[in-house]
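Notes follow once the structure below has been shown.
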Amino acid sequence: MNTIFLFAFLSFLSLSTSTLAQVQFTQRLEVETEWSDDDFFVLPRENGMVAFRMKSETSYGSKNIFQYVVGDFQLRADSPRQIKLDGFYELEGFDLDEDLLYVLFNKGSQYDSEKAIFEINLENQTMQELELNSILEMELQDFLVFNKHAVFMGKYDYRPVIQIFDILSKEVITVPGLFEKDAKILQMRKDPELNVFDVVISSRDFYKKKIVSIVTFDTKGNKLREVKIDDLGDPSMEIVEGLLTSSHQYKQALIGPYGLRKKEAYQGLYFTKINEFGEYENKFYTVSDFENFFNYLPDKARERKLRRVERNLNRGKQIPIRNVVVTREINASDGYYLVYNDHFISSSSRYIPRDGMYASNFYRLNPMMGGYGGLYNPLWIDPRFRSSQVSNQYKYLAAQFILFDEEGNIIWDNTLNLDNDSKTRPVKYGEISFNGRNLFYMYLDEEMLMLSQIKDGEVVIENEPFELELIDENERIADTKESTLQLLWWYDDYYLLSGKQRIRYQGEDGQAKSREVNFFTKIKVDDFI
């Protein structure tokens, strides 16, 4: 009996040790800070990462210093660099183009400001300031830079507008054909290799029929291609929103939720395949096409749902999705598309952000931009959410993952439970790492890291908790400022966690001491099988 007990205990201990080893805190970078200082914006780059923020020289002074730190993949970095700013500068946007960091500012006074761009070479640390005198006073929604061209997208007189600033010639071009009353830009994405950018636009015709167009422009503002997705095969259906993938052999896909006209009911997911000639083909999927759609529910509740779906199918009835579906990310590789959707419930009787990533406050929160949960800059907050009186709650039900081939066939699908967690804004919930077989999904739950793994479509672990750790075993975390924590997928099976902490340690004199830091920690996730 004792032998059996000992064997069981050793097996449990071995399993626990193995589980704990699956999340490893490998490297850490710290920057001295004050608890009240601004948080860093953290951006992955080809050779590592860059983080930047505005700060003041004194505790109560104006934020007149732009500070940035550049680290490699081992988080080795020189001391933070600082650029002192004369006068009023308000950070409004940013983008990376290889080794160049572009930061957009409002400059001048709060009442009479102009725009300026800092172009910072992250390799040789040189900087030049570019003044902008001809950019419209638009309500800026996005700012992209590639191949020495800056693209500004926003609203002017309640209509969409895009302007291109040639950094070398200083010429400003207004892109034609977009300034329509009922048009909305759902997405803008750059393609530096082809030297073009795509714009996904939603508009309605005279009969209020919704038309989604994908327009490709060059850096001179010339329209190179337009794909109008106006035939869905059923006049009662319409595209809600979606994400456009990068170009693979001049082919692309637009993927997202679809619903019913004049209603809030979500019906499922669509997959629009676009070839090199601009011809498209639609595929539509309902709940019945996703074998594991209800996997996030407890066993009995899932069985009831599946029986209801089967009854509706037998009666020829549609099966609507009662909660909100938002496509957060598409991982496109080797002709396959991994799609990540968030499913949540809005406390509002009518879910407002129903027209693209800018309305759902997602675009500036994608994996290449990090998660800036505490920021309220107009660039990434939809104007409908700026009122302090808005207090909607969003209850997150599940994260859904679907792997498609390039023809839109479902390879596998699965769903992870998000435990009805509530947020005040409809932000992207977690971060994914995917190598073709292994999918890791990680998110922050207060001061805990939660990790799930799906391998070849099968759930290996779900919501396994891990505490935050330090690299130096002689130090202790005295306090973590939860609101500052940001998690993003970095590369391969590595994530990057950042935020503010108070660290307790022993000084050379043997006395207990503490320091306040902004930390950046590299985290590796391993296969559980």
Side-chain angles (χ1 to χ4, degrees), residues 14-29 42-46 48-49 51 71-75 295-296 328-333 336 338-342 365-371 396 398-403 412 414-419 421 428-473 477 480 485-499 501 519-529:
S14 173
L15 179 63
S16 299
T17 305
S18 173
T19 301
L20 289 175
Q22 308 311 316
V23 171
Q24 302 171 35
F25 294 74
T26 60
Q27 277 97 26
R28 180 178 170 103
L29 169 66
V42 186
L43 302 181
R45 54 187 294 259
E46 189 173 327
M49 54 78 73
D72 62 14
F73 284 122
Q74 281 66 50
L75 290 177
N295 269 15
Y296 67 96
R328 299 300 199 183
E329 183 178 344
I330 301 174
N331 186 313
S333 178
Y336 291 89
L338 177 75
V339 179
Y340 159 35
N341 297 323
D342 273 336
L365 298 167
N366 68 31
M368 294 305 295
M369 288 296 183
Y396 283 74
Q400 181 191 26
F401 303 95
I402 310 147
L403 185 65
W412 58 256
N414 224 316
T415 310
L416 298 171
N417 181 22
L418 296 182
D419 202 27
D421 188 29
K428 180 185 174 199
Y429 198 87
E431 293 286 308
I432 64 173
S433 165
F434 182 63
N435 64 6
R437 290 194 65 193
N438 263 324
L439 184 153
F440 293 102
Y441 181 70
M442 185 182 284
Y443 63 88
L444 282 161
D445 182 9
E446 296 180 345
E447 296 177 19
M448 298 287 287
L449 290 170
M450 309 296 287
L451 181 66
S452 301
Q453 182 189 358
I454 296 174
K455 189 169 187 176
D456 295 327
E458 299 295 327
V459 176
V460 177
I461 63 161
E462 185 173 16
N463 299 330
E464 190 76 23
F466 294 89
E467 293 183 353
L468 305 189
E469 296 180 10
L470 298 175
I471 306 298
D472 191 336
E473 295 181 354
I477 299 172
T480 298
L485 293 177
Q486 304 172 19
L487 177 71
L488 62 107
W489 171 73
W490 197 0
Y491 69 98
D492 295 340
D493 290 337
Y494 292 96
Y495 288 78
L496 191 59
L497 177 70
S498 62
Q501 287 179 332
F519 73 92
F520 308 89
T521 299
K522 180 179 176 180
I523 301 171
K524 178 175 174 57
V525 292
D526 281 329
D527 195 344
F528 278 74
I529 294 181

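These numbers come from the heavy atoms of this one structure, side chains and all, not from hydrogens, waters or symmetry mates.
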| Are the side chain of D445 and the backbone of M448 linked by a donor-acceptor contact shorter than 3.5 Å? | no

| field | Minimal non-hydrogen separation, F520 against S498, with atom names | value | CD2-CB, 3.6 Å

| request: Any chance you could lay out the side chain to side chain contact (heavy atoms under 4.5 Å, CB included) test for F401 and I432, step after step, and finish with the verdict? | output: CA-CA 10 Å; F401 303 95; I432 64 173; 3.5 Å; yes

| query | If we only count heavy atoms from C-beta on, is the L497 to Q486 side-chain gap below 4.5 Å? | reply | no

| In terms of ring plane angle, is the pair Y491 and F73 parallel, tilted or perpendicular, where the classes change at 30° and 60°? | tilted

| Stepwise, does the ring pair (Phe, Tyr, Trp, His ring centres under 6.0 Å) test hold for F440 with Y495? | CA-CA 10 Å; F440 293 102; Y495 288 78; 7.8 Å; no

| message | For a quick check under 3.5 Å, do N331 and Y340 share a side-chain donor-acceptor pair by atom type? | response | no

| request: Starting from the C-alpha separation in whole Å, work towards a yes-or-no answer on side-chain hydrogen bond (donor to acceptor under 3.5 Å, both in side chains) for Q501 and T480. | output: CA-CA 4 Å; Q501 287 179 332; T480 298; 3.2 Å; yes

| query | Which heavy atom in M442 sits nearest to a heavy atom in V23, and how many Å separate them? | reply | CE-CG2, 4.5 Å

| Taking W489 for the side chain and D492 for the main chain, is one N or O donor matched with an acceptor at less than 3.5 Å? | yes

| request: Answer yes when K455 and D527 have at least one side-chain N-carboxylate O distance shorter than 4.0 Å, and no when they do not. | output: yes

| said: Quick one about N463 and D419 (side-chain donor to acceptor, distance below 3.5 Å, no hydrogens or angles considered), yes or no? | reply: no

| More than 12 heavy atoms from other groups under 6.0 Å of CD on Q74 | yes

| field | Exercise: identify the closest heavy-atom pair between L451 and I461 | value | O-CD1, 3.6 Å

| message | With a 4.5 Å cut-off on side-chain heavy atoms, are L485 and F519 touching? | response | yes

| task | Might you point out which heavy atoms bring A51 and M49 nearest each other, and give the distance in Å? | result | CB-CE, 3.9 Å

| field | L470 and I477, any side-chain heavy atoms less than 4.5 Å apart | value | yes

| request: Kindly say whether N295 contributes a backbone atom to a donor-acceptor pair with the side chain of T415 at under 3.5 angstrom? | output: no

| field | Side-chain donor or acceptor of Y443 paired with backbone N/O of L487 under 3.5 Å | value | no

| query | Should the pair Y429 and Y396 be assigned to parallel (<30°), tilted (30 to 60°) or perpendicular (>60°) ring geometry? | reply | tilted

| Would L416 and V459 count as a side chain to side chain contact (heavy atoms under 4.5 Å, CB included) if you check the C-alpha gap in whole Å, the side-chain angles of each, and the deciding distance to 0.1 Å? | CA-CA 8 Å; L416 298 171; V459 176; 4.0 Å; yes

| Test applied, side-chain hydrogen bond (donor to acceptor under 3.5 Å, both in side chains); reference residue, D526; option that passes from Q24, Q453, Q22 | Q24

| request: Mind listing the closest non-hydrogen atom pair of V42 and P44 along with its distance? | output: O-CD, 4.1 Å

| request: Could you pull out the closest heavy-atom pair between L338 and F434, with the gap in Å? | output: CD2-CG, 3.6 Å

| task | Check the side chains of N435 and D493 for a donor-acceptor pair under 3.5 angstrom, ignoring hydrogens and angles. | result | no

